[in-house]
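Presented below is the structure to which this report refers.
Quick caveat, the model's predicted, so the values are computed rather than measured. By convention here, the first residue in the shown sequence is residue 1.
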Amino acid sequence: MKKFFLTILTMIITMSVYAQTGASAYIFDETGTPTNVRNAPNGKLVQKLPNIDGGYVVSLLEVKNNWWRIDPVVEIYGGENEDHVNLKGSTTGYWVHYSVLAFTIAGEQENVLRKTPSPRGKLLKLTPSYLFEVGLRPLEIQGEWIKVITTDKRYTGWMPIDRICDNPLTTCP
């Protein structure tokens with residue numbers, strides 16, 4: 001019975017944290033090898049996500065030193081089998097490095113990156129389609145804002161979380 005309540009409590013905390021961040025990303029591992037999932041930041045390898053047709057979308061729960069704790073239910077998109085994978089092998093969470101995560105901007109491609117996490121923050125001067133073409137990687141979250149770096153590492157800035165598109169095949173609505 002105690003294990004049941006601990007499981008329920010963990011699920012509630014996980015859902016609560018996700019509701020706070022509201023961020024998700026797709027796996028964009030440029031190494032061409034399966035993506036490592038660890039039990040802690042830079043911890044023990046507990047699972048590998050194999051390369052598949054389509055890809056994976058993960059919910060971002062928290063960040064520590066460039067490592068993101070992700071929800072143990074990983075969505076599979078595209079390809080022949082849209083489904084999910086349940087991560088296993090850890091009692092301390094599932095972590096991936098920011099360098100294997102990416103997303104694009106939802107909706108119109110106007111410039112949305114700012115120097116500070118505020119609608120009044122100074123806009124970074126970029127061409128409208130640049131951020132969509134290169135993609136973004138998540139660095140940290142502050143309230144309703146997410147700090148990102150472009151996949152080519154040329155620009156770092158803040159954008160509203162609600163502008164994240166976690167599907168590399170569309171621009172999201």
Side-chain angles (χ1 to χ4, degrees), residues 14-15 17-106 109 112-113 117 124 126 129-142 145-172:
T14 298
M15 289 186 291
V17 171
Y18 177 68
Q20 291 172 8
T21 67
S24 56
Y26 55 87
I27 300 292
F28 184 62
D29 191 340
E30 296 177 293
T31 64
T33 61
T35 300
N36 294 333
V37 180
R38 299 184 179 278
N39 69 343
N42 219 16
K44 177 184 159 198
L45 179 65
V46 293
Q47 195 162 345
K48 291 184 178 214
L49 292 174
N51 299 329
I52 59 170
D53 288 339
Y56 303 97
V57 174
V58 296
S59 297
L60 306 176
L61 303 178
E62 69 175 300
V63 63
K64 287 185 183 176
N65 300 323
N66 293 324
W67 289 84
W68 285 91
R69 186 169 65 87
I70 60 172
D71 189 284
V73 178
V74 176
E75 299 298 319
I76 298 172
Y77 67 87
E80 294 179 17
N81 301 317
E82 291 196 15
D83 198 358
H84 67 278
V85 172
N86 292 315
L87 297 176
K88 297 176 182 154
S90 176
T91 58
T92 57
Y94 300 92
W95 297 80
V96 294
H97 196 259
Y98 88 96
S99 64
V100 301
L101 299 170
F103 49 80
T104 58
I105 295 174
Q109 303 305 311
V112 297
L113 278 191
L124 298 176
L126 306 169
S129 63
Y130 174 76
L131 297 177
F132 181 74
E133 292 168 3
V134 299
L136 302 164
R137 297 195 188 280
L139 296 174
E140 66 180 276
I141 289 179
Q142 190 175 73
W145 292 82
I146 186 163
K147 187 175 186 180
V148 298
I149 187 168
T150 55
T151 56
D152 64 5
K153 298 184 180 179
R154 290 182 59 201
Y155 299 96
T156 301
W158 292 87
M159 65 182 271
I161 287 176
D162 65 2
R163 294 298 312 274
I164 290 173
C165 178
D166 62 13
N167 186 330
L169 306 176
T170 71
T171 57
C172 298

>> Does Asp71 form a side-chain contact (heavy atoms from CB on, under 4.5 Å) with Val58? I'd like the steps, not just the answer.
In response: CA-CA 7 Å; Asp71 189 284; Val58 296; over 6 Å; no

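- We find the CD1-CG distance between Ile146 and Leu60 to be 6.0 Å, quoted to the nearest 0.5 Å.
- Remark: Trp145 CH2 to Ile161 CD1 distance equals 10.0 Å, nearest 0.5 Å.
- For Val63, the side chain to side chain contact (heavy atoms under 4.5 Å, CB included) criterion is met by Trp68, Glu140, not counting sequence neighbours.
- Side chains of Ile149 and Tyr98 form a contact here, defined as non-hydrogen atoms less than 4.5 Å apart.
- For the side chain to side chain contact (heavy atoms under 4.5 Å, CB included) test, no residue two or more places apart in sequence or in another chain qualifies with Thr91.
- With sequence neighbours excluded, the residues forming a side-chain hydrogen bond (donor to acceptor under 3.5 Å, both in side chains) with Asp166 are Ser24, listed by chain and number.
- Shown here are the ring pair (Phe, Tyr, Trp, His ring centres under 6.0 Å) partners of Trp67, two or more places apart in sequence or in another chain: His97.
- The side chain to side chain contact (heavy atoms under 4.5 Å, CB included) test applied to Lys88 returns Gln47, not counting sequence neighbours.
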> Hey, mind stepping through Thr156 and Leu139 against side-chain contact (heavy atoms from CB on, under 4.5 Å) and telling me if it holds?
Replying inline: CA-CA 9 Å; Thr156 301; Leu139 296 174; 3.9 Å; yes

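- Expressed to the nearest 0.5 Å, how far CG of Leu113 lies from CE of Met159 amounts to 7.0 Å.
- Among residues at least two apart or in separate chains, salt bridge (Lys or Arg N to Asp or Glu O under 4.0 Å) pairs with a member in residues 24-45 are Glu30-Arg137.
- Sorted by first and then second residue, the ring pair (Phe, Tyr, Trp, His ring centres under 6.0 Å) pairs involving residues 22-42 (not counting sequence neighbours) form an empty list.
- Screening residues 89-101 for salt bridge (Lys or Arg N to Asp or Glu O under 4.0 Å), with sequence neighbours left out, gives no hits.
- In plain terms, the two heavy atoms of Gly93 and Arg69 that are nearest each other are CA-CD, 4.3 Å.
- By the 4.5 Å heavy-atom criterion applied to side chains, Val57 and Val74 are not counted as neighbours.
- Contact check for Asn65 versus Pro41: no side-chain heavy atoms found under the 4.5 Å cut-off.
- For Val134, the side chain to side chain contact (heavy atoms under 4.5 Å, CB included) partners at least two apart in sequence or on another chain are Tyr130, Thr150, Thr151, Asp152.
- Applying the ring pair (Phe, Tyr, Trp, His ring centres under 6.0 Å) test to residues at least two apart or on different chains, none of the pairs has a partner in residues 33-58.
- Between Ile70 and Leu87, the closest side-chain pair of non-hydrogen atoms falls below 4.5 Å.
- The line from CG of Leu136 to CG of Leu101 is 12.0 Å long, rounded to the nearest 0.5 Å.
- Counting heavy atoms from C-beta on, the side chains of Asn36 and Val96 never come closer than 4.5 Å.
- Scored by the side-chain hydrogen bond (donor to acceptor under 3.5 Å, both in side chains) test, Thr92 finds Ser90 as partners (sequence neighbours excluded).
- Once rounded to the nearest 0.5 Å, the distance linking OH of Tyr77 with CD1 of Ile27 reads 9.0 Å.
- Looking at Phe103 and Val148, their side chains come closer than 4.5 Å, going by heavy atoms from C-beta outward.
- Put simply, OH on Tyr94 and CG on Asn39 are 9.5 Å apart, with the number rounded to the nearest 0.5 Å.
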